[in-house]
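Letters A, B, ... are given to chains in the order of the sequence lines, protein chains preceding strands, and every chain is numbered from 1.
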Amino acid sequence: MSGEALLRFAAVCQRYEDGSRGLEECSLSIRPGSRNALLGPNGAGKTTLLLHGVGLLRPARGQVEFQGRPLDYGRAGLRQLRQRVGLVFQNPERQLLSASVYEDISFGPLNLGLPEAQVRQRVEAALGAVGLADCRERAVHQLSFGQKKRVCIAGVLAMEPELLLLDEPLAGLDGPMRREFEALLEQLAGQGITILLSTHDVDFAYRWADDLHLLAEGRCLASFPARELPRQQALLAAAGQALPAVLGLHRRLADLGLLPDEPPRSLDALLAALDGAAPDLKRNPA
Amino acid sequence: MSGEALLRFAAVCQRYEDGSRGLEECSLSIRPGSRNALLGPNGAGKTTLLLHGVGLLRPARGQVEFQGRPLDYGRAGLRQLRQRVGLVFQNPERQLLSASVYEDISFGPLNLGLPEAQVRQRVEAALGAVGLADCRERAVHQLSFGQKKRVCIAGVLAMEPELLLLDEPLAGLDGPMRREFEALLEQLAGQGITILLSTHDVDFAYRWADDLHLLAEGRCLASFPARELPRQQALLAAAGQALPAVLGLHRRLADLGLLPDEPPRSLDALLAALDGAAPDLKRNPA
Amino acid sequence: MHIMEGFLPVAHAAGWTLASAPFLAWGLISLRRRLREQPEQRMLLGVAAAFAFILSALKLPSVTGSSSHPTGVGLGAVLFGPLAMVPVGFVILLFQALLLAHGGLTTLGANLFSLGIVGPFVAAGVFRALRGLGASLALGVFLAAALGDLATYLTTSVQLAWAFPDPVGGFAASFAKFAGIFALTQVPLAIVEGLLTVAIFNGLARFNGEELRRLKLLPGQEARA
Amino acid sequence: MLIDRCAHASPWRRISPAAKGLFALAALLGAYLAPSPGLALGLALGLVLLTLAGARVPLPDYLGAAAPALGFLALGCASLLFSLGGPGGLAPRFLPEALDPAARLGARSLAALAALLFLVLSTPLPHLIALLRQLRCPEVLLDLMVLCYRMLFVFATVFRDGRTAQAARLGHAGARRSLRSLGLLAAGLLPQVWLRALELHQAALLRLGDGPLRFLAPSFPRARQELAWAAAGSLGLLLGLGVLA
């Protein structure tokens, strides 16, 4: 199992300087090429876990492994790691450090020491990937919140990471922006980038992720494929999460014999399944 | 109509100094004692509208009326208005002036010129109302985001406003905090305080509000009672909002004859209605 | 570098407090006048004080390691004028004593004199003189911040030498002693502070002018420049 | 911020700041009046024990809070023991006769530091500001203090997050790059100082605050009693030092 993991947390323990708990015997694995969602209440350690993933925090006990090897916290080791693992923070305001979009995205590649021509090429590619090619010359403070989030992602993509960590990428986005953002995540996963994100939105996690990881009080309670979520309700409750809305509905409708036993992953899928079931019912209205 | 409104916007136009649009012929009315939700995409003018409601911005054309009288933008007029209308900003950090919870809440009542004993009484009452009586000794920077939001609300409640304006009160809250917060809103509305809030969450707006106001590009596209939302789908789409999830489901299930024609306001209500319908179906499975 | 609590003899502690008091009063009077015209300056200086405090608590990467941190005094003096920096410097020093045990209450007067009065006035004077002579903004900012820092540290050395003259060599020998010991950290720090302040101004210049004017950052700066 | 965290956690935070302030003042006075280094050291030790046991400050936190001042003290006292003047030219020369004054200075500074730490480790800063308010400190200074204390934590978080975000993109690889990154961060935040000030001004206006900021400090119901105890303790401390002399 550990041989095939891209990133692995092995019984990681850590406390913050002020004495508050960071992680407590936290263990989980991320498979290469998979889509992963971290679920858990505020304070469960989701952000802390992501910071450990790029070596910004260091375990007091236990270890973090990348491709089977424990992280090297020396300068060269961290440099190598951060080339391959990118982290996008929740709040774009805290992360965008330059006044111009172009400049901000070039920050990482320049720090990699790449020649200018290659930096320009990477910035262009990253701008294109997040759909902001038109904004390259804008000032950061003129952008909308959703655009700022995209610039943050572009700044990380320009370093061409294999693993992308995103802290609450959907927080603060309105309806249309969320849909655009989900499409972007879809596209990045399609390019073979492994993704680990934290979210409060259990409906989204259930329909998007391959693997779910439940965090509570600094521990990973469980990791399982998203399709098994309907059988993990007790664990979900232990991590303070509500059940995805679609599951409650599906259960009732399946009890009524309107839907097959296998639950759909989203309300849209449930509606589609109902449409399939409709003809039968129309013929025998209750 | 205008005679009975507590707050009325009459064709308000305003631009910001940098040339960006604030409001454009925006008209809407808030009935006394009602619960109002402002819906619209980012940049539609929701925050701007709330700032006009407390006289922090001033219309270039058109006018804002409180209890039928145009706002008086003189110092005394604004003082009077702000005694009766309170605004809670989205970001608690921009609103809290003192790091001591107790001190911050006392700021408004002291400025009202109340005697010390009465100020202390109001601070206690406000702390109790938002459920933070235990936190009176804490420092603001020791509180969670949700608690900070509560302190902001307490600071406004201590001035005993008739109308409470809230900018995105649910943004940034996780599941359990949202439920607590909705209960607090319920309680405030129950005390007869008129509430106008902006939100991205159309599901919440549909189940909580009496009146919905749709904003797009600085205009109020329409105001209507929340229960009429199912008949206003075109307008909702024009304001960039998705349909509440419960409505799509209800339509299919009602088409199937499983539910009565009147749509429920939340998924919970829909599930309850299904349970009511269940016995009939169980007897005649499709 | 602040003189620690209890380190100065009574006469010196009291004397420096008396020497600083008129400057503080002058700063407060001028500030009160400013507040009557522009009430939002109350918030501005409070927020700026917090910004400077944080800057002063940041550990900088430099040869001397953890003991080096910038003072932000040069930056503040150029942006707000040296007089406003006296009350702001007082609040920062009081907070450093109360929140970091850095400096002290009995030495507040002496520390205010070096860091809140000499430093800002030297920084602002250097900046104005250099700009008057046609020096570039970068050079003006660098020397203002660096010399402001050095002046602060030399003043502290004078204060210590005066309080503790060398039994053999007197004031001069004692000054050489204190200045020499603290030069290890303070001279590189002054250079780092100058470079950092230039980096901050360079960063600011990348914002478009429109935005800075809206924030009232450019006009004030141009008026002085 | 270590001291702030200890003060907010100390059970003595509920004691009137006036009482603690008076006692700390008496202890400072005692540090200066102590006739011998031994007595000053005794006073320092007493204050340290009082703070550790009474105000319940953990020893590692106490040492952490005292460390920067102790570093200064070590350097300062060491410099008194050597002379640069005299026949040896500029070569430092050990001065045996300076041992006594250096010991006095060191003991006094330790006692004064212990008095300061007693106060700040048991009293949250807002209480001290409230005390200054009672003592009629100029309003402008109080306003600056309240805002500075409030915003300090806001900016500390913003700075920390910005530095972390830069580190994640290799912004701290090397001293030059690190300094440039810090300059970029501070420059990016400086306009926010103006914006934040404007926002706070608006927030104050909405709560009818258009002049000096007024707040009601939390009340200390037993303040009178506590002040009497502190006065008695202060008097005892000073008399005790006099008798032992």
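Using a 4.5 Å cut-off between heavy atoms, D/L80 contacts chain C through both its backbone and its side chain. With a 4.5 angstrom heavy-atom cutoff, D/M1 touches chain C only via side-chain atoms. At a 4.5 Å heavy-atom cutoff, the contact between D/A156 and chain C is made by backbone and side-chain atoms alike. Only the side chain of C/L35 comes within less than 4.5 Å of a heavy atom in chain D; its backbone stays farther off. Within the 4.5 angstrom heavy-atom criterion, no atom of D/L25 approaches chain C. Heavy-atom distances place the side chain of C/I54, and not its backbone, under 4.5 Å from chain D. Only the side chain of C/V91 comes within less than 4.5 Å of a heavy atom of chain D; its backbone N, CA, C and O stay farther away. Only the side chain of D/L28 comes within contact range of chain C, with at least one heavy atom under 4.5 Å from a heavy atom of that chain. Looking at D/A204, only its side chain comes within 4.5 Å of chain C, counting heavy atoms on both sides.
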Margin query: Evaluate C/M43 against D/L198 for side-chain contact (heavy atoms from CB on, under 4.5 Å), listing each step before the verdict.
Written below: CA-CA 7 Å; C/M43 306 294 181; D/L198 193 69; over 6 Å; no
Next item on the list: Show the numbers, then the answer: is there a side-chain contact (heavy atoms from CB on, under 4.5 Å) between C/V47 and D/Q192?
Entry: CA-CA 9 Å; C/V47 178; D/Q192 285 192 26; over 6 Å; no
Note to self: Could you walk me through whether D/Y149 and C/L99 satisfy the side-chain contact (heavy atoms from CB on, under 4.5 Å) test, starting with their C-alpha distance in whole Å, then the side-chain angles of each, then the deciding distance to 0.1 Å, before giving a yes or no?
What the structure shows: CA-CA 10 Å; D/Y149 182 68; C/L99 289 171; 4.3 Å; yes
Next item on the list: Give the C-alpha distance, both sets of side-chain angles, the deciding distance and a yes or no for side-chain contact (heavy atoms from CB on, under 4.5 Å) between C/E5 and D/L117.
Entry: CA-CA 10 Å; C/E5 184 73 282; D/L117 287 175; over 6 Å; no
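Of all the listed residues (C/G46, C/A199, C/G180), the one sharing the greatest number of non-hydrogen pairs under 4.5 Å with chain D is C/G46. Each of D/L200, D/L105, D/V120, D/D210 has some count of heavy-atom pairs under 4.5 Å with chain C, and the biggest count is that of D/L105. Counting heavy-atom pairs closer than 4.5 Å to chain D, the top-ranked of the candidates C/L8, C/V10, C/T197, C/L105 is C/L8. Among the candidates C/L31, C/V88, C/I3, C/L195, the residue making the largest number of heavy-atom pairs closer than 4.5 Å to chain D is C/I3. For chain C, the option among D/C148, D/A66, D/A197 with the highest count of heavy-atom pairs below 4.5 Å is D/C148.
Side-chain atoms of C/P167 and D/L95, non-hydrogen and from C-beta on, do get closer than 4.5 Å to each other. Using a 4.5 Å cut-off on side-chain heavy atoms (C-beta onward), D/L128 and C/L98 make contact. Contact check for D/P212 versus C/R32: no side-chain heavy atoms found under the 4.5 Å cut-off. At least one side-chain heavy atom of C/L44 sits less than 4.5 Å from a side-chain heavy atom of D/V193. Within the 4.5 Å cutoff, the side chain of D/L213 has heavy atoms near those of the C/R42 side chain. Between C/F95 and D/M145 there is a side-chain heavy-atom pair separated by less than 4.5 Å.
Below 30°, between 30° and 60°, or above 60°: for C/F51 and D/F159 the angle between ring planes is between 30° and 60°, a tilted geometry.
The distance from the CG atom of C/L45 to the CG atom of D/D143 is 11.0 Å, given to the nearest 0.5 Å. Between C/L196 atom CG and D/L185 atom CG the span is 10.0 Å, to the nearest 0.5 Å. Rounded to the nearest 0.5 Å, atoms CZ (C/F7) and CG (D/L110) are 11.0 Å apart. Of the inter-residue distances, the one linking D/L70 atom CG with C/M4 atom CE reads 6.5 Å to the nearest 0.5 angstrom. Annotation: the span from C/T106 atom OG1 to D/L116 atom CG amounts to 8.5 Å, rounded to 0.5 Å. Put simply, CZ on D/F82 and CG on C/D166 are 12.0 Å apart, with the number rounded to the nearest 0.5 Å.
Minimum heavy-atom separation, C/G6 to D/A112: CA-CB, 3.5 Å. When all heavy atoms are compared, the tightest approach of D/A69 to C/A101 is CB-O, 4.0 Å.
Contacts of D/D4 classified as salt bridge (charged side-chain N to carboxylate O under 4.0 Å, His left out), with partners at least two apart in sequence or in another chain: none.
Remark: D/Q202 CD is packed, more than 12 non-hydrogen atoms of other residues, nucleotides or ligands lying under 6.0 Å away.
The only member of D/L132, D/L125, D/L144, D/L141 that meets side-chain contact (heavy atoms from CB on, under 4.5 Å) when paired with C/L94 is D/L132.
Ring centers of C/F53 and D/F155: at least 6.0 Å apart, outside the cut-off.
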